[in-house]
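Throughout, protein chains are lettered first and strands after them, A, B, ... in sequence-line order, and every chain is numbered starting at 1.
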Amino acid sequence: MSLRLYNTLSGRLEEFRPLERNQVRMYTCGPTVYDYAHIGNYRTFVFQDILRRVFKYRGFEVRHVMNVTDVDDRTIRNARAAGLELRDYTAKYIEAFHVDRQLLCLETPEVIARATDHIDDMAALIQTLIDKGYAYRAEGSVYYRVEKFKEYGKLSKIDFSGIRPGARVDSDNYDKADARDFVLWKAAKEGEPFWNTPLGPGRPGWHIECSVMSMKYLGPTFDIHSGGSDLVFPHHENEIAQSEAATGKPFVHTWLHSEHLIVNGEKMSKSLGNFFTLRDLIAKGFKPTAIRYLLASVPFRRPLNFTFDGIHQAQQSLDRLRNFRFRLTMEKFPPGETNELQKAAVKARQTFEEALDDNLNTAEALGAVFSLVREANTAMDRGEFHDGDRPVFLDLLERWDRIFAVLDDNDYARLRQFGFVQELEAALSHSSARPQADGPAAGTGDGHRASLMAESLPEKEIQRRISERETARRRGDFARADLIRKELLEAGVILEDTKSGVRWKRK
RNA sequence: GGCGCGGUACCCAAGUGGUAAGGGAGAGGUCUGCAAAACCUUUAUGCGUGGGUUCGAUUCCCACCCGCGCCUCCA
């Protein structure tokens with residue numbers, strides 16, 4: 001079976017065929033760097049990451065361009081409030097985005113394009129639109145003449161005949177010939193950054209950057225363009241209008257849109273104030289891999305209901321998979337092979353791959369692996385799992401993780417790398433006067449505290465305590481053994497006595 | 001009003017015209033010095049409501065109810 005994707009443009013599930021053999025050219029709408037991105041944004045970015053990973057898994061060569069919007073009303077407003085030059089202001093959030101990206105194991109796109117690095121290209125495209133009669137000047141600004149582009153609305157399926165009751169009225173203070181027209185170039189205003197171009201001094205409208213940067217790096221026609229569902233209109237509709245009017249060629253073959261993250265029945269958004277940044281969640285003690293797992297676990301065309309309990313459940317599920325991989329790696333099994341198990345593994349791989357082929361059905365892909373995990377665990381418990389079965393199962397997990405990228409328990413190493421651990425340690429030392437309630441509630445910060453201590457506890461010391469405990473156990477001094485186990489647990493180290501010795505892991 | 005997504009067990013969440021994946025949580029049990037991990041059993045005659053088509057529908061059709069998103073700030 002081949003990869004099928006739901007194309008917003010056609011409104012149908014379509015078999016994916018790249019325009020150029022074996023190569024996928026994709027453009028994804030990245031962050032606007034006026035603030036930290038929230039995890040609703042990251043839901044979309046994780047989806048896009050899984051998309052590119054699936055393409056690669058399927059043997060395609062991927063050329064992925066992601067934009068960074070570093071000039072718009074919000075970046076300008078916030079930069080001014082901060083008393084900084086636009087470029088200096090956005091630098092901070094661009095950097096933060098790259099840190100978040102790495103924490104969430106998002107692969108680096110082949111091209112990351114900043115809007116302000118492409119002002120001249122934008123001016124040139126706008127000029128082309130003017131020359132072709134698709135754009136007009138008004139008081140130093142340039143607008144797109146929607147009436148001229150007959151296919152306007154083909155992506156969003158919005159009917160523009162007449163004014164819709166309930167539709168919002170454009171609040172922009174620019175003069176337009178038609179209410180539907182949108183701005184390509186905004187005339188310079190007092191106190192706002194501007195660029196001197198042949199169009200005159202000003203700054204670009206929002207939509208033009210994506211037309212320009214996508215076509216610059218991917219050509220006039222390319223395979224995939226994606227973003228959150230709220231970008232369908234007007235952003236992507238306008239991109240089509242700009243690009244196709246300028247080139248006379250089809251712009252994008254397949255449009256993919258992810259549904260939103262929902263909090264208490266409402267879309268997570270900055271304007272509603274119901275958002276969490278990745279940093280917020282890390283500060284609450286949640287691991288980035290658990291967050292990635294949660295964001296990846298619901299297929300992208302479904303709204304994803306976000307709760308703390310959801311992250312906790314994701315963490316539990318993830319632990320189950322990691323426990324299994326640990327057991328698979330470390331436990332001694334009798335020599336030989338088990339035909340039944342190997343067949344099951346092959347079947348699980350098939351199910352997993354077919355699920356992803358079906359419009360990236362990650363939930364089903366997860367299910368396939370969990371079913372196999374239980375089957376294998378059962379066999380292990382019964383002594384029916386053989387040494388020769390190991391590679392097939394490890395291979396399956398490795399393949400699965402090429403897409404999901406959550407199996408390695410390396411959150412703290414990365415958090416430390418980016419300075420989060422040190423920051424939290426400092427915060428803890430300041431608030432040490434406050435008594436800590438070590439309840440069972442997940443994600444209250446206590447778990448994180450223990451993990452931090454685990455980080456500061458060297459491996460040598462952990463090993464020393466473990467052998468101390470083993471000695472006590474052999475003596476039958478279980479009180480002492482249990483005390484050591486308890487002390488380590490309080491320091492964030494979990495001990496498990498297994499058949500093949502003592503296993504420890506950080507909480 | 002238009003367009004779109006959704007309504008499946010305590011929670012999250014797949015799915016099929018033939019009788020409900022998977023994960024989490026709970027309960028009981030096995031294993032263990034005790035835990036943990038793992039395993040076993042258990043938790044929806046039921047898939048928003050009402051009709052229809054069918055031998056048979058949760059799955060198809062029609063109508064309706066509810067939640068959410070977009071309809072020029074939005075991932």
Practice task
Could you check whether A/Pro31 gets within reach of a base, just the sugar-phosphate, or nothing at all, counting any heavy atom under 4.0 Å?
Solution key: nothing

Problem - For atom NE2 of A/His312 and atom P of B/C11, their distance in whole Å - result: 16 Å

Problem - Residue pair A/Phe97, A/Tyr36: steps toward the ring pair (Phe, Tyr, Trp, His ring centres under 6.0 Å) verdict - result: CA-CA 7 Å; A/Phe97 173 67; A/Tyr36 296 111; over 10 Å; no

Handout entry: Partner nucleotide, any strand, of B/A37 [Watson-Crick/G-U, under 3.5 Å]
Key = none

Practice task
Could you check how far CG of A/Asp309 sits from P of B/A13, rounded to whole Å?
Solution key: 11 Å

Handout entry: Rounded distance in Å - NE2 (A/His236) to P (B/A75)
Key = 10 Å

Exercise for the section: Could you measure between the two P atoms, the one in B/C47 and the one in B/U72, and give it in whole Å? Expected result: 39 Å

Exercise for the section: Look at A/Asp411 together with A/Arg292 and state whether they make a salt bridge at an N to O cut-off of under 4.0 Å. Expected result: no

Problem - Distance, P atom - from B/G26 to B/A36, rounded to whole angstrom - result: 11 Å

Exercise for the section: Look at all strands and tell whether A/His257 reaches a base, only sugar-phosphate, or nothing, counting heavy atoms closer than 4.0 Å. Expected result: nothing

Problem - Protein-nucleotide distance (A/Tyr152, atom OH; B/U72, atom P), rounded to Å - result: 10 Å

Problem - Span that lies between the C1' atom of B/A35 and that of B/G69, in whole angstrom - result: 48 Å

Completion exercise
What one should report as the nearest heavy-atom pair of A/Arg390 and A/Phe385 is N-CE2, 4.0 Å

Problem - Nucleotide B/G6, atom P - distance to CZ of A/Phe300 in whole Å - result: 11 Å

Dump every N/O contact between nucleotides 29-33 of chain B and the protein below 3.5 Å, one line per pair.
unit_1	atom_1	unit_2	atom_2	d
B/G33	O6	A/Arg473	NE	3.1
B/G33	N1	A/Asp482	OD1	3.0
B/G33	N2	A/Asp482	OD1	3.4
B/G33	N2	A/Asp482	OD2	2.6

Problem - Exercise: identify the closest heavy-atom pair between A/Met66 and A/Gly30 - result: CG-CA, 3.8 Å

Problem - Options B/A25, B/U72, B/A37, nucleotide nearest the side-chain atoms of A/Asn323 - result: B/A37

Practice task
Kindly state whether the ring of A/Phe286 and the ring of A/Phe276 have centres lying under 6.0 angstrom apart.
Solution key: no

Problem - Phosphate OP1/OP2 of B/A25: any A/Gln313 side-chain N/O under 4.0 Å - result: no

Problem - Short side-chain N/O contact to B/G15 OP1/OP2 from A/Arg302, under 4.0 Å - result: yes

Exercise for the section: Could you state the atom-to-atom distance from CE of A/Met26 to C1' of B/A75 in whole Å? Expected result: 14 Å

Exercise for the section: Start with the C-alpha distance between A/His225 and A/Tyr27, add both sets of side-chain angles, then the distance that settles ring pair (Phe, Tyr, Trp, His ring centres under 6.0 Å), and finish with yes or no. Expected result: CA-CA 5 Å; A/His225 195 314; A/Tyr27 183 90; 4.9 Å; yes

Exercise for the section: Using the P atom as the reference point in each nucleotide, state the distance between B/G46 and B/U59 in Å, no decimals. Expected result: 15 Å

Exercise for the section: Give A/Asp72 one of three labels, base, sugar-phosphate or nothing, depending on what nucleic acid heavy atoms sit under 4.0 Å from its own. Expected result: nothing

Exercise for the section: Map A/Tyr293 and A/Gly30 onto RNA chain B by nearest heavy atom, then report which one ends up closer to the 5' terminus. Expected result: A/Tyr293

Give every pair of a protein N or O atom and an N or O atom of nucleotides 66-69 of chain B that lie under 3.5 Å apart, one pair per line with the distance.
none

Exercise for the section: Measure from the side-chain N and O atoms of A/Asp223 to the backbone N and O of A/Val252, and report whether any donor-acceptor pair falls under 3.5 Å. Expected result: no

Practice task
Have a look at A/Gly310 and say if it touches a base, only the backbone sugar-phosphate, or nothing, with a 4.0 Å heavy-atom cut-off.
Solution key: nothing

Problem - Whole-angstrom distance between B/A9 and B/G48, as gauged at atom P - result: 8 Å

Exercise for the section: Choose from B/G15, B/C71, B/C73 the nucleotide whose nearest atom is closest to any side-chain atom of A/Asn361. Expected result: B/G15

Problem - Nearest-Å distance once atom C1' is located in both B/A44 and B/C39 - result: 25 Å

Practice task
Counting heavy atoms from C-beta on, name the nucleotide in B/A75, B/C5, B/A36 closest to the side chain of A/Leu261.
Solution key: B/A75

Exercise for the section: State whether a side-chain donor-acceptor pair under 3.5 Å links A/Asp72 with A/Tyr34. Expected result: no

Exercise for the section: Determine the Euclidean distance between corresponding C1' atoms of B/A21 and B/U58; express it in Å to zero decimal places. Expected result: 14 Å

Problem - Stepwise side-chain hydrogen bond (donor to acceptor under 3.5 Å, both in side chains) check, A/Asn238 with A/Gln242 - result: CA-CA 6 Å; A/Asn238 291 352; A/Gln242 293 165 347; over 6 Å; no

Problem - B/A75 to B/G17 separation - C1' atoms, rounded to the nearest Å - result: 38 Å

Fill in the blank from the handout: Separation of B/A35 atom C1' from A/Glu487 atom CD, nearest Å, is 16 Å

Practice task
For the pair A/Arg53 (side chain) and A/Arg402 (backbone), establish whether a donor and an acceptor sit closer than 3.5 Å, ignoring hydrogens and angles.
Solution key: yes

Exercise for the section: Give A/Val232 one of three labels, base, sugar-phosphate or nothing, depending on what nucleic acid heavy atoms sit under 4.0 Å from its own. Expected result: nothing

Handout entry: Any donor-acceptor pair under 3.5 Å from A/Asn7 side chain to A/Trp255 backbone
Key = yes

Exercise for the section: Check every strand shown and say whether A/Leu294 touches a base, only sugar-phosphate, or nothing at a heavy-atom separation below 4.0 Å. Expected result: nothing

Fill in the blank from the handout: Rounded to whole Å, the CG-P distance (A/Leu488 to B/A35) equals 19 Å

Handout entry: Interface residues of residues 370-382 of chain A with RNA chain B (non-hydrogen, below 4.0 angstrom)
Key = A/Phe370, A/Ser371, A/Arg374, A/Asn377, A/Thr378, A/Asp381

